[in-house]
Each structure stands twice: as C-alpha cells, then as structure tokens.
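The chains referred to below are lettered A, B, ... by the order of the sequence lines, with proteins before strands, and numbering in each begins at 1. The shown structure was predicted, so the numbers you read here are calculated from the model rather than taken from an experiment.
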There are 2 protein chains.
Amino acid sequence: MIISEMAQLTKISEYTLRYYEKKELIIVSRDARGRRNYDENDIEWIRFIQRLKETGMPLREIKKYSDLRAEGDQTIPERRVMLETHRLFVVAEQQKWTQNLCNLDAKIEYYATIPLTTDQTKF
Amino acid sequence: MIISEMAQLTKISEYTLRYYEKKELIIVSRDARGRRNYDENDIEWIRFIQRLKETGMPLREIKKYSDLRAEGDQTIPERRVMLETHRLFVVAEQQKWTQNLCNLDAKIEYYATIPLTTDQTKF
DNA sequence: ATAGTGCTTAGACTATGGTCTAAGTCAACC
DNA sequence: GGTTGACTTAGACCATAGTCTAAGCACTAT
C-alpha cells in the first residue's frame, strides 16, 4: 500500500504520515522504487497511534511506546504500564470535562437569571 | 494590584498576563508610574478567562467574547449564545473522553488476556 | 548618589504538531 | 524521447500559546 492510499484510508495527510516517520513513530519498508510500502501491520499501528493521539498522548510519548514495540515482546510489561498510566490521565481528563461542564452550566444559568438591566461587564 | 501579585493570585505568569493584554483579552488601567493596576473586576475577568481556557476555548474566541464584553450590555445575548455554543463543544468533549476511556480499557483488557508468547508487535 | 527591585516595552525564541515547497527521481503512456 | 504523475528528500513556514531577553525607567534603601 502506497502513501496516498494510506492517507485516504486513515484520513491522515501524506505530509503527516511522512512527519510521523521522520519523528520515528512509524517505520515503513520501501519498494524497489524507494517508495513507502505500508502493510496490514502498519495500518493497525497507525490506527493505534490515532487512538493514542485522540486520548491526548503527545507524540514523544507515542514515540517511546513505538520504540518499546520495536524492541520486541520483552517490553510488553513496560508498554502495558504506559497504557495503564495513560489510562489514569484519560480518567482525569474525563472528570475534568464533567466538572467544566458543571461550571459552564452554572455560568449560563446565572446569565439566564440576572435581570438584563444590571451591569454585565463582569461577564 | 500590581502584576506580580496578580500572577501569584491567579497562577498565571507575568509573561502570560502581559501576553493576554497584548492579545487584547484583558484591558488594564495603569497607575501614575505607568504600571498595570488590576482591580477586583479584572480578577473576576481573568478567572473567567481561566475557566474558558480550561474548557478548551482558544484565545481568539476568548478575545471575541472580551470584545463583546467591552461593547457593553447590549451584547449580552450574543455572549450568551457564545457560551451556549461553547457548551455543546464541552459536552462533545466530555463524551469523547468517555468513549476514549472505553477504547483504552478494551485495549488494556486485550493486553491482559493474550498469552505472552504470541506476537506482540501489533501493540 | 548609587545599587537594587520591580516594573515597562518590543521583539526574539521555544515547543508542538503539522503543512507546504522546491528540486529531483522513476516508471508509464503517447 | 518527452510529458505526466506519483512519489522522494530536506528544509522552510505556519498557528497556538506562551516564555524569555534586553534595554530602560522609577522609586526605595543604604
């Protein structure tokens, strides 16, 4: 699979796919003409990167994970620890957004109840 | 209130407070010596900016809100619409994080159940 | 009066995560 | 054999959100 197909499939631009490779998040083999040749495994991996990114993992962390992955099976426990640690971050984020929603709702509620004649410069 | 006190109070660095002013998010009066002189109203406003930022509102949006606020009471309905619109964003974010957590948990669960002898390069 | 502190400004620099350009290669089609 | 199209590379450029530096002024304490 060529980069343009990969870009279409994953909705990640060719630019970004090359960028990820430059940043050593992805390692892709080349064909006889020197072009990137993505296989099934690469697709899986890129989809996983996508999910990690969606959960707010910075690229340098994803790179760490990628490096461990490249080292082989003996790094599985380490990788799992990374995911468990990241999980705590995601839980915290989720709770933060819930709290933020409460705050915002309170604000909007306040906005709705105060008479329009009072001074509104505070908001 | 002087900038250093404000920085301490809000945990926003002096650099950032000046930056916000340069970006026209905040308008602060000066004392006889030309130094920023924050009052109660400014504190409230900066705390509100903080909350908007926490809920992922970009600075340019906050500036828009700030501009409306500066225009006076007649912009209240517009400001309220902004908050309501932003609320939808926050709700979506909250749901996204909940979904992300599910995905990650499924991943970790999978990690936990597969025998350690299989090929792990997929993760 | 001179050093020190705390502010002022403009503008340079940083990090993150892309996004794009320029120049070049290679295979295929006409 | 020339053009087209899809790729290659290095490196420039962009937006966001700061973060810091340099040079300078005003007041205070010694």
Side-chain angles (χ1 to χ4, degrees), chain A residues 1-39 42-43 45-67 86 89-90 93 96 100, chain B residues 1-39 42-43 45-67 86 89-90 93 96 100:
Chain A
M1 176 173 278
I2 225 162
I3 194 167
S4 51
E5 295 168 314
M6 196 59 169
Q8 265 210 312
L9 187 73
T10 58
K11 315 281 182 205
I12 297 175
S13 76
E14 301 186 17
Y15 297 138
T16 305
L17 286 172
R18 292 194 198 97
Y19 171 73
Y20 284 175
E21 208 179 327
K22 191 149 58 178
K23 287 269 166 173
E24 295 183 272
L25 268 67
I26 305 169
I27 297 144
V28 196
S29 59
R30 306 299 156 112
D31 66 11
R33 285 172 60 181
R35 295 182 309 183
R36 286 166 183 82
N37 190 9
Y38 298 92
D39 65 15
D42 296 325
I43 298 172
W45 174 235
I46 287 165
R47 288 215 186 285
F48 188 59
I49 288 175
Q50 254 175 331
R51 281 191 293 271
L52 289 178
K53 262 185 53 58
E54 271 159 31
T55 56
M57 190 185 276
L59 296 190
R60 64 175 174 285
E61 275 295 294
I62 298 176
K63 187 197 170 338
K64 253 188 233 172
Y65 193 98
S66 171
D67 288 348
H86 188 55
F89 167 78
V90 174
E93 277 303 299
K96 217 168 73 184
N100 284 338
Chain B
M1 179 175 276
I2 225 162
I3 195 167
S4 52
E5 294 168 315
M6 197 59 169
Q8 264 209 314
L9 187 72
T10 58
K11 314 281 180 203
I12 297 175
S13 77
E14 300 185 18
Y15 296 139
T16 304
L17 286 171
R18 292 192 198 98
Y19 172 72
Y20 285 174
E21 209 179 326
K22 192 151 54 178
K23 289 269 164 175
E24 296 180 272
L25 268 68
I26 305 169
I27 297 144
V28 195
S29 59
R30 306 300 155 113
D31 66 12
R33 285 172 58 181
R35 296 182 308 182
R36 287 166 183 82
N37 191 8
Y38 299 91
D39 65 14
D42 296 324
I43 297 172
W45 175 234
I46 287 165
R47 288 214 187 285
F48 189 59
I49 288 176
Q50 254 175 333
R51 280 190 294 272
L52 290 178
K53 264 185 51 61
E54 271 160 32
T55 57
M57 190 184 277
L59 295 190
R60 64 175 175 285
E61 274 297 293
I62 298 176
K63 187 196 169 339
K64 252 187 234 171
Y65 193 98
S66 172
D67 288 348
H86 188 55
F89 167 78
V90 174
E93 278 300 300
K96 218 169 72 185
N100 284 337

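- Rounded to whole Å, the distance from CD1 on A:I26 to C1' on C:dG17 is 14 Å.
- A straight line from CD of A:E14 to C1' of D:dC7 spans 8 Å, rounded to a whole angstrom.
- Nearest nucleotide to the side chain of A:R33, out of D:dT19, C:dA27, D:dT9: C:dA27.
- Of the candidate nucleotides D:dA6, C:dT19, D:dT9, D:dA6 has the atom nearest to the side chain of A:S4.
- Atom CE in A:M6 sits roughly 19 Å away from atom P in D:dA6 (whole-Å rounding).
- Distances shown here put every side-chain N or O of A:R35 at or beyond 4.0 Å from the OP1 or OP2 atom of C:dC26.
- Between the side chain of B:H86 and the backbone N or O of B:T55, at least one donor-acceptor pair lies under 3.5 Å.
- Classification of B:K64 and B:E61 as a salt-bridged pair holds, one side-chain N sitting under 4.0 Å from a carboxylate O.
- Rounded to whole Å, the distance from CG on B:L59 to C1' on D:dT19 is 14 Å.
- The closest donor-acceptor contact from the side chain of B:E5 to the backbone of B:I2 lies under 3.5 Å.
- A distance-only check finds no donor-acceptor pair linking the side chain of B:N37 to the backbone of B:R30 [under 3.5 Å].
- Between A:K53 atom NZ and C:dG17 atom C1' there is a gap of 7 Å when expressed in whole angstrom units.
- At a threshold of 4.0 Å, the pair A:R51-A:E54 does not count as salt-bridged, since none of the basic side-chain nitrogens sits closer than that to a carboxylate oxygen.
- In this structure, A:R60 reaches the C:dT16 phosphate: one of its side-chain N or O atoms is under 4.0 Å from OP1 or OP2.
- Atom CD in A:E61 sits about 14 Å away from atom C1' in C:dT16, given to the nearest Å.
- Proximity of B:Y20 to the phosphate of D:dA17: no side-chain N or O atom is located under 4.0 Å from OP1 or OP2.
- For D:dA26, neither phosphate oxygen OP1 nor OP2 lies less than 4.0 angstrom from any side-chain nitrogen or oxygen of B:R30.
- Distance, B:K63 NZ to D:dA17 C1': 16 Å, rounded to whole Å.
- Residues A:Y19 and A:A32 both approach DNA chain C. Their nearest nucleotides, taken by heavy-atom distance, put A:Y19 toward the 5′ side.
- In this structure, A:I26 and A:V28 approach most closely via the heavy-atom pair CG2-CG2, 3.4 Å.
- For B:S13, the side-chain atoms get nearest to D:dT19 when compared with the rest of C:dG17, D:dT19, C:dG6.
- Residue contacts for B:R18: at a heavy-atom cut-off of 4.0 Å it reaches a base atom on one of the strands shown.
- Summarising the geometry, the separation between OH on B:Y15 and P on C:dA12 is reported as 17 Å, rounded to the nearest angstrom.
- Closest contact between the side chain of A:P58 and the listed nucleotides D:dA6, C:dG17, D:dT8 involves C:dG17.
- Regarding contacts with the backbone of C:dT19, a side-chain N or O of A:T16 is found under 4.0 angstrom from either OP1 or OP2.
- Using a 4.0 Å heavy-atom distance criterion, B:K22 is classed as a base contact.
- Mapped onto DNA chain D by nearest heavy atom, A:I3 and B:K23 fall at different nucleotides, with A:I3 at the one closer to the 5' end.
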